[in-house]
Amino acid sequence: MVQTPLAAPLVLRAGATIPNRLAKAAMSEVLGDKLTGGPREELIRLYERWGRSGAGLLITGNVMVDRGGMGEPGNVIVSDDRHLGQLERWATAAQAHGARLFMQINHAGRQAPRRLVPRPVAPSSVAMKGFGGMFAKPRALNEPEIEALIARFATAARVAQQAGFAGVQLHAAHGYLVSQFLSARTNLRDDAWGGDPERRSRFLLAIVRAIRVAVGPGFPIAVKLNSADFQRGGFTIEESMNVARSLEDAAVDLLEVSGGNYESPAMAGSGELPAEQRASSRDREAYFLEYARQIRGVTTMPIMLTGGMRSRAVMEAALASRAVDVVGLARPMTHAPELPARLLDGTLDAAPTVKIRSRFRLIDDALQVMWFQAQIHELGAGREPDLALGTWTAIWRGFRANMKAGKHAQQALDTGTLPKVA
Ligand SMILES: Cc1cc2nc3c(=O)[nH]c(=O)nc-3n(C[C@H](O)[C@H](O)[C@H](O)COP(=O)(O)O)c2cc1C
């Protein structure tokens with residue numbers, strides 16, 4: 001056993017306690033039933049395993065609040081309580097050994113693939129750049145639709161609470177719908193929902209308030225926010241600091257700091273990061289730490305930092321700096337699912353390294369998602385991670401799953417088994 005500040009519990013404003021400072025960050029599992037959007041058995045088995053990982057907090061991969069906001073085939077969809085029974089089993093399995101499970105709730109907006117959502121919605125009609133025809137040009141939401149989506153987020157949070165989840169995390173990062181509202185590149189509105197930074201943040205704050213009304217004061221609400229989009233004309237660190245201040249005023253319990261979006265994938269340590277970070281970011285730990293420090297300068301709300309954190313020394317230093325209260329771990333949890341316990345008991349000093357790189361930088365990010373998702377599926381099947389899994393095999397499996405998913409998506413559209421769009 002080692003003495004480590006990572007073992008200290010954290011009491012959140014809503015009253016709940018996270019047993020230690022290590023969190024499994026959200027990773028899309030795509031283990032939802034493709035016809036109904038409910039959690040599959042593999043998802044429950046996966047969280048049974050992560051519940052024994054030693055992480056104090058487990059954040060689910062994104063759960064979509066609306067069928068029209070799906071990001072991938074196989075997303076779990078919670079837009080009413082039809083899946084309550086399976087959601088309860090998910091929450092129970094994950095929390096059987098003391099970890100707390102938060103449901104990450106999301107809507108993809110314009111980052112919804114055309115095949116799943118032929119007519120996606122967004123704050124404004126701004127098309128995705130650089131993906132060929134994969135994403136359809138979105139249409140701008142009208143006010144009643146915006147209000148309906150705010151209500152959808154609140155409903156999903158209430159269902160999570162009913163099912164026994166310990167909290168929710170609103171996904172306001174990585175270029176999805178809430179993040180599209182925050183960014184001047186994707187929000188060109190000049191009404192109550194856009195035009196200046198304050199109005200661009202109104203959608204996010206309205207959702208937080210609606211969730212609070214739906215769940216009451218004792219249920220933690222976390223928010224995942226970009227430190228910046230790392231794109232010219234996009235969401236900036238100054239705007240992020242202002243939003244953080246407003247979130248603290250809105251009694252948010254935990255702020256996770258990340259960055260980037262599909263067009264500029266800084267969350268994975270690439271994309272258009274600033275020059276000083278770009279050179280070494282792929283091999284550097286804690287690549288958003290400097291931004292967390294700046295956000296800490298304007299808020300006392302607990303901050304979770306995710307992105308590249310691998311060694312206990314770096315994690316402890318981040319806590320000691322007081323800029324960070326919770327360490328988020330994503331990719332290592334797929335191939336080293338006992339990592340938190342081993343960092344806490346001193347049998348490991350750092351996550352084992354795996355380097356998933358092809359010779360083509362452009363496809364590396366997609367390749368990584370496939371490789372790590374393949375490991376998630378091994379765990380969901382009740383097997384051990386497959387460290388020998390080749391990148392081309394992962395690509396093939398991802399491709400095959402995608403082909404099947406296209407068929408399922410069409411079937412689901414034809415048979416109307418998925419919940420209706422808000
Ligand atoms: C396969 C995969 C799926 C992901 N899905 C999500 C998601 O659903 N929601 C989210 O907020 N972040 C998602 N992320 C991003 C991670 O939460 C995290 O921000 C990123 O991987 C950097 O952390 P890491 O260096 O510890 O992996 C995903 C990452 C991977 C690799």
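Whatever order the structure lists them in is the order used to number ligands and atoms, beginning at 1. Below, each value reflects all heavy atoms present in this structure, side chains not excepted, and no hydrogens, waters or symmetry copies.
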* Could an N or O of ligand 1 be found under 3.5 Å from any N or O of A25, whether backbone or side chain? -> no
* To do: May I ask you to check if ligand 1 and R331 share an N or O to N or O distance below 3.5 Å?
  => yes
* Please determine if K224 has a nitrogen or oxygen closer than 3.5 Å to a nitrogen or oxygen of ligand 1. => yes
* Asked: With the threshold set at 4.0 Å, does a side-chain nitrogen-carboxylate oxygen contact exist between E338 and R342?
  -> no
* **For atom 8 (O) of ligand 1, the protein heavy atom that lies nearest, with its residue and separation** => N62 N, 3.1 Å
* Could you check whether the rings of F135 and F131 sit parallel, tilted or perpendicular, using 30° and 60° as the cut-offs? => perpendicular
* Asked: Would you call the rings of F153 and F203 parallel, tilted or perpendicular, where under 30° means parallel and over 60° means perpendicular?
  -> perpendicular
* Ring centre gap for F181 and F235 strictly below 6.0 Å -> no
* Asked: Can K24 and E256 be counted as an ion pair, charged N to O under 4.0 angstrom?
  -> no
* Would you please indicate if the ring centroids of F230 and Y291 are separated by under 6.0 Å? => yes
* Asked: Does the distance from a Lys or Arg side-chain N to an Asp or Glu carboxylate O, for R152 and D66, drop under 4.0 Å?
  -> yes
* **Numbering as shown, the atoms of ligand 1 that approach R310 to under 4.0 Å (heavy-atom distance)** => 24 (P), 25 (O), 26 (O), 27 (O)
* Top protein contact for atom 17 (O) of ligand 1, by heavy-atom distance -> A26 O, 2.6 Å
* Asked: Can M309 be said to touch ligand 1, with heavy atoms closer than 4.0 Å?
  -> no
* Structure fact -> atom 9 (N) of ligand 1 has as its nearest protein heavy atom Q104 OE1, 2.8 Å
* How far is atom 26 (O) of ligand 1 from its nearest protein heavy atom, and which residue and atom is that? -> A330 N, 2.9 Å
* Heavy atom of the protein closest to atom 29 (C) of ligand 1 (residue, atom name, distance) -> M27 CG, 3.8 Å
* Asked: Is ligand 1 less than 4.0 angstrom away from at least one heavy atom of Q368?
  -> no
* To do: State the atoms of ligand 1, each with its element, that fall below the 4.0 Å cut-off from a heavy-atom position in S28.
  => 3 (C), 4 (C), 5 (N), 6 (C), 7 (C), 8 (O)
* **Under-4.0 Å salt bridge between E384 and R49** => yes
* At a 4.0 Å threshold, what atoms of ligand 1 neighbour a non-hydrogen atom of G308? -> 24 (P), 25 (O)
* Would you mind checking which non-hydrogen protein atom is closest to atom 20 (C) of ligand 1, with the distance to 0.1 Å? => M267 O, 3.7 Å
* Structure fact -> ligand 1 to H171, heavy atom cutoff 4.0 Å, flagged ligand atoms 9 (N), 10 (C), 11 (O)
* Is it true that R40 and E29 make a salt bridge, defined as a side-chain N closer than 4.0 Å to a carboxylate O? -> no
* To do: With heavy atoms of T306 as the reference, note each atom of ligand 1 found under 4.0 Å away.
  => 18 (C), 19 (O), 23 (O)
* For G61, is at least one N or O under 3.5 Å away from an N or O on ligand 1? -> no
* Hey, are E48 and R52 close enough for a salt bridge, meaning a charged N less than 4.0 Å from a carboxylate O? -> yes
* To do: Kindly say whether G175 contributes a backbone atom to a donor-acceptor pair with the side chain of Q180 at under 3.5 angstrom?
  => yes
* Just heavy atoms, cut-off under 4.0 Å: does E29 contact ligand 1 by side chain, backbone, both, or neither? -> neither
* For ligand 1, which part of Y287 has a heavy atom less than 4.0 Å away: the side chain, the backbone, both, or neither? -> side chain
* Between E378 and R383, does at least one N-O distance fall below 4.0 Å, as a salt bridge requires? -> yes
* Asked: Should the pair D80-R158 be classified as a salt bridge under the 4.0 Å nitrogen-to-oxygen rule?
  -> no
* State whether the shortest distance between N or O atoms of E256 and N or O atoms of ligand 1 falls below 3.5 angstrom. => no
* Pull out every atom of ligand 1 sitting under 4.0 Å from any heavy atom of G307, numbered as shown with elements. => 22 (C), 23 (O), 25 (O)
